[in-house]
Student: 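I'd like to ask you about the structure that follows.
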Amino acid sequence: MTKFNDIKGVVFDLDGVITDTARFHAQAWHALATELGVKWDDELASGLKGLSRMDSLELILKHGGIEAKYNDEEKQRYATEKNTNYKHLIQQLTPDDIYPGMKEFLNELKDGGYKMSLASASKNAPTILEHLELTDYFKKIVDPASLHRGKPDPEIFIKAAELIDLKPEECLGLEDAVAGIAGINAAHETSVGIGDSDVLTEADMVFSNTKNVTLENIKTNMEK
Ligand code: G6P
Ligand code: MG
């Protein structure tokens with residue numbers, strides 16, 4: 001078990017951790033699922049979190065039992081349609097949409113000399129950071145196009161640690177998705193879940209309210 005004093009950096013997911021873009025992803029996928037005649041439910045919504053754009057579409061098709069219905073070109077078209085809708089939704093984001101306490105946490109990390117990197121599967125992450133005026137905090141961002149495997153594979157979290165010259169064991173990973181927590185754990189980082197502890201059962205600790213994400217509270221959890 002990693003000790004708090006060994007931690008030198010924090011790897012962040014973005015959607016659903018720093019801001020509530022998870023709801024926009026869900027809204028845009030829900031619209032597409034309805035168009036394709038696939039029933040939307042909480043299990044599908046939760047399972048989609050953290051998955052790459054194409055993996056998300058594949059899961060929706062599978063959920064509707066129509067995974068063999070479309071060819072690659074058609075799938076590409078549907079994924080683009082979702083993304084166009086999603087990009088429209090994120091235009092409304094402003095710094096006021098940063099989750100409560102997260103800007104304070106980023107400042108606490110910066111002041112404490114912790115390194116930070118972004119491990120988001122989203123190709124829209126740089127645009128979102130611009131809208132939230134957080135670009136300066138994340139000089140190191142894993143390029144999702146460079147990945148061979150999406151979450152729950154640990155690849156993105158290992159790369160995020162490499163970008164800040166740290167061993168995975170020296171990093172905390174923040175995630176709102178079951179797939180993301182699995183990836184952090186498989187990367188041998190300490191997993192910090194944002195959301196429901198009944199859902200993020202594999203996380204090393206879970207915060208239901210981002211206001212409580214502080215180094216002091218993380219330290220307390222790690223010493224339990
Ligand atoms: C994040 C979100 C997922 C999304 C993925 C790809 O991991 O949690 O819901 O599917 O990024 O995002 P993109 O913006 O590239 O479609
Ligand atoms: Mg997320």
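Numbering of ligands and ligand atoms starts at 1, following listing order.
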Student: Any chance CD of Glu73 has more than 12 other-residue heavy atoms, nucleotides or ligands included, within less than 6.0 Å?
Tutor: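 No, because the 6.0 Å sphere around CD of Glu73 holds 12 heavy atoms or fewer from other groups.
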Student: What protein heavy atom sits nearest atom 8 (O) of ligand 1, and how far away is it?
Tutor: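 Protein heavy atom with the smallest distance to atom 8 (O) of ligand 1: Gly50 N, 3.1 Å.
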Student: Measure the CD-CG distance between Glu104 and Asn107 for me, rounded to the nearest 0.5 Å.
Tutor: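 Going from CD on Glu104 over to CG on Asn107, the span is 7.0 Å.
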Student: Side chain or backbone of Lys123 under 4.0 Å from ligand 1, or both, or neither, by non-hydrogen atoms?
Tutor: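 Both backbone and side chain.
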Student: Tell me which protein heavy atom sits closest to atom 1 (C) of ligand 1, plus the residue, atom name and distance to 0.1 Å.
Tutor: Asp15 OD2, 3.2 Å
Student: Does the Thr210 side chain pair with the main chain of Gly101, one donor and one acceptor, at a distance under 3.5 Å?
Tutor: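 Between the backbone of Gly101 and the side chain of Thr210 there is no qualifying donor-acceptor contact (under 3.5 Å).
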Student: Out of all atoms in ligand 1, which are within 4.0 Å of some heavy atom of Asn124? Include the element for each.
Tutor: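 Numbered from 1, ligand 1 contributes 13 (P), 14 (O).
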Student: Are the side chain of Glu108 and the backbone N or O of Thr214 linked by a donor-acceptor pair below 3.5 Å?
Tutor: no
Student: Which atom pairs, donor and acceptor, lie under 3.5 Å between side-chain atoms of residues 3-13 and protein residues at least two apart or in another chain?
Tutor:
from, atom 1, to, atom 2, distance (Å)
Asp6, OD2, Lys3, N, 3.4
Lys8, NZ, Glu170, OE2, 3.1
Asp13, OD1, Lys151, NZ, 3.2

Student: Is there a heavy atom in Ala177 that sits closer than 4.0 Å to ligand 1?
Tutor: no
Student: How does Ala121 reach ligand 1, if at all, at less than 4.0 Å between non-hydrogen atoms: by side chain, backbone, both, or neither?
Tutor: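 Both of them.
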Student: Does any N or O in the side chain of Lys159 come within less than 3.5 Å of the main-chain N or O of Ser146, such that one atom is a donor and the other an acceptor?
Tutor: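 Checked: pair present.
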Student: For the pair Thr19 (side chain) and Asp97 (backbone), establish whether a donor and an acceptor sit closer than 3.5 Å, ignoring hydrogens and angles.
Tutor: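 Yes, the answer is positive, given that a donor and an acceptor are paired below the 3.5 Å cut-off.
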Student: Are any of the N/O atoms on Asp13, whether in the backbone or the side chain, positioned under 3.5 angstrom from an N/O atom of ligand 1?
Tutor: no
Student: Is Trp29 in polar range of ligand 1, meaning some N or O pair under 3.5 Å apart?
Tutor: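 Such a contact does not occur with ligand 1.
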Student: Backbone or side chain, does any N or O of Ser120 fall under 3.5 Å from an N or O of ligand 1?
Tutor: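 Min N/O separation from ligand 1 is not below 3.5 Å for Ser120.
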Student: Once side chain to side chain donor-acceptor pair (under 3.5 Å) is applied, what residue pairs with a partner in residues 24-35 remain, sequence neighbours excluded?
Tutor: Asp15-His25, His25-Lys82, His25-Tyr86
Student: Between Lys69 and Glu74, does any side-chain N to carboxylate O distance fall below 4.0 Å?
Tutor: no
Student: Under 2.8 Å from the Mg ion (ligand 2), which protein atoms of type N, O or S occur, listed by chain and number?
Tutor: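 Near the Mg ion (ligand 2), below 2.8 Å, one finds Asp13 OD2, Asp15 O, Asp176 OD1.
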Student: Apply side chain to side chain contact (heavy atoms under 4.5 Å, CB included) to residues Asn217 and Phe105 and explain how you reach the verdict.
Tutor: CA-CA 11 Å; Asn217 287 341; Phe105 182 56; over 6 Å; no
Student: Is it the case that ligand 1 has an N or O less than 3.5 angstrom from some N or O of Arg53?
Tutor: yes
Student: What side-chain donor-acceptor pairs closer than 3.5 Å can you find for residues 177-195, not counting sequence neighbours?
Tutor:
from, atom 1, to, atom 2, distance (Å)
Asn185, OD1, Ser191, OG, 2.7
Asn185, ND2, Ile181, O, 3.4
Asn185, ND2, Glu202, O, 3.0
Ser191, OG, Asp204, N, 2.9
Ser191, OG, Asp204, OD2, 3.2

Student: Taking only heavy atoms of Ser56 into account, list the atoms of ligand 1 that are under 4.0 Å away from them.
Tutor: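 This gives 10 (O) as the contact atoms.
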Student: In the structure I gave you, are the side-chain heavy atoms of Glu133 and Ile98 within less than 4.5 Å of one another anywhere?
Tutor: no
Student: Which residue owns the protein heavy atom closest to atom 5 (C) of ligand 1, what's the atom, and how far is it?
Tutor: Leu51 O, 3.2 Å
